[in-house]
Amino acid sequence: RQALEEMRALYERNQADVSEAKSGRTDLIFLIRFRHCCLLRNQRCILAYLYDRLLRIRALRWEYGSVLPNTIQFHMSAEEVEWFNRYKKSLATYMRSVGGEEGLDLTQDIKPPKSLYIEVRCLRDHGEFELDDGTTVLLKKNSQHFLPRWKCEQLIRQGILEHILS
């Protein structure tokens, strides 16, 4: 915001000096060029900042899944939330298009698994959790379970489950 305010002030001063330079004051041309270079530098800095935020928001989709925690979403602008939702839909469309009928969830195995089942501890009450074979597991705070890695990896990233390392 400070950079934008500075850019606005530089632009207004340049506009005033340009009109004076047109009337014959050639000594202002160097000052106008200098301010213009400052404007271009600030523009590059702002674009680099926005691109970095964009990359971080894209990484949030891979880290937290399709639903962001409120604490993170609170710090995002409306445009950033809109971009996140469009990216989320685009990624979901792509994942449905590959991998046959059910699609392929690319967000599941960020790191290759060492075993198919892992032991997890529930950090907070979550309710019932259904597995592929139809069995349901009640995820209550401090309960421990032996579950398929790919089914609970998303819950681990969301902070609902904790992987217990032996």
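Here, residue 1 is the first one in the sequence, and each next residue gets the next number. Since we're looking at a predicted model, the values are computed, not measured.
Pairing each heavy atom of Lys140 with each of Cys122, the nearest pair is O-CB, 3.0 Å. In terms of heavy atoms, Ser19 sits closest to Ala16 at OG-O, 2.7 Å. Contact record, His163 with Val120: CA-CG1, 4.3 Å, taken as the closest heavy-atom pair. The two residues Glu80 and His75 make their nearest non-hydrogen contact at OE1-O, 4.3 Å. Residues Ile32 and Ala21 share a closest heavy-atom pair of CD1-CB, 4.1 Å. When all heavy atoms of Leu60 and Leu68 are compared, the pair lying nearest together is CB-CD2, 3.9 Å.
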Given the rule in the side-chain contact (heavy atoms from CB on, under 4.5 Å) test, do His145 and Glu119 qualify, once you have shown the distances and angles that lead to the verdict?
CA-CA 6 Å; His145 307 279; Glu119 191 173 0; over 6 Å; no
Output, in order, the C-alpha distance, side-chain angles, deciding distance and verdict of side-chain contact (heavy atoms from CB on, under 4.5 Å) for Leu131 and Thr136.
CA-CA 6 Å; Leu131 301 176; Thr136 58; over 6 Å; no
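Taking CZ from Arg61 and OH from Tyr64, the interatomic distance works out to 13.5 Å, rounded to the nearest 0.5 Å. Here CD of Glu162 is found 9.0 Å from CD of Gln144. Values are rounded to the nearest 0.5 Å. Rounded to the nearest 0.5 Å, atoms CZ (Phe34) and CG (Asn14) are 10.5 Å apart. Between Cys152 atom SG and His126 atom NE2 the span is 11.5 Å, to the nearest 0.5 Å. For the atom pair OG1 of Thr135 and CZ of Phe129, the computed distance is 10.0 Å after rounding to the nearest 0.5 Å. Atom CG of residue Asn85 and atom OG of residue Ser90 lie 12.5 Å apart, to the nearest 0.5 angstrom.
By the 4.5 Å heavy-atom criterion applied to side chains, Tyr87 and Arg58 are counted as neighbours. By the 4.5 Å heavy-atom criterion applied to side chains, Lys88 and Leu91 are not counted as neighbours. Side-chain contact between Pro148 and Leu116 is absent, with no heavy-atom pair separated by less than 4.5 Å. A 4.5 Å side-chain heavy-atom check between Lys141 and Leu123 finds every atom pair outside the cut-off.
Under a hydrophobic-cluster definition in which Ile, Leu, Val, Met, Phe, Trp and Tyr are linked whenever side-chain heavy atoms come within less than 4.5 Å, directly or via other members, Phe84 and Phe74 are assigned to different clusters. Both Ile57 and Ile72 are assigned to one and the same hydrophobic cluster, defined by single-linkage of ILVMFWY side chains at heavy-atom distances under 4.5 Å. When hydrophobic clusters are built by joining Ile, Leu, Val, Met, Phe, Trp and Tyr residues whose side-chain heavy atoms come closer than 4.5 Å, directly or via intermediates, Leu39 is not grouped with Ile29. In terms of hydrophobic clustering, with Ile, Leu, Val, Met, Phe, Trp and Tyr side chains grouped at heavy-atom distances under 4.5 Å, Ile46 and Tyr51 are assigned to different clusters. Trp83 and Leu50 sit in two unconnected hydrophobic clusters of ILVMFWY residues. Membership requires side-chain heavy atoms under 4.5 Å apart, directly or through other members.
Comment: Arg25 does not engage Asp17 in a salt bridge, judged by the lack of any side-chain N to carboxylate O separation of less than 4.0 angstrom. Classification of Arg157 and Glu63 as a salt-bridged pair fails, no side-chain N sitting under 4.0 Å from a carboxylate O. Salt bridge Glu82/Arg86: present, at least one basic N to carboxylate O contact under 4.0 Å.
When the side-chain hydrogen bond (donor to acceptor under 3.5 Å, both in side chains) test is applied to Tyr94, no partner is found at least two apart in sequence or on another chain.
Heavy-atom neighbours of Asp132 CG from other residues, nucleotides or ligands within 6.0 Å: above the threshold of 12. In this structure, His36 places its NE2 atom where only 12 or fewer heavy-atom neighbours from other residues, nucleotides or ligands lie under 6.0 Å away. A 6.0 Å sphere centred on CD of Glu128 holds no more than 12 heavy atoms belonging to other residues, nucleotides or ligands. Counting non-hydrogen atoms of neighbouring residues, nucleotides and ligands closer than 6.0 angstrom, the CZ atom of Arg53 exceeds 12 such neighbours.
With respect to Ile118, the side chain to side chain contact (heavy atoms under 4.5 Å, CB included) criterion is satisfied by exactly one of Ile156, Leu165, Leu161: Ile156.
A donor-acceptor pair under 3.5 Å is absent between the side-chain atoms of Ser143 and the main chain of Leu139, judged by distance alone.
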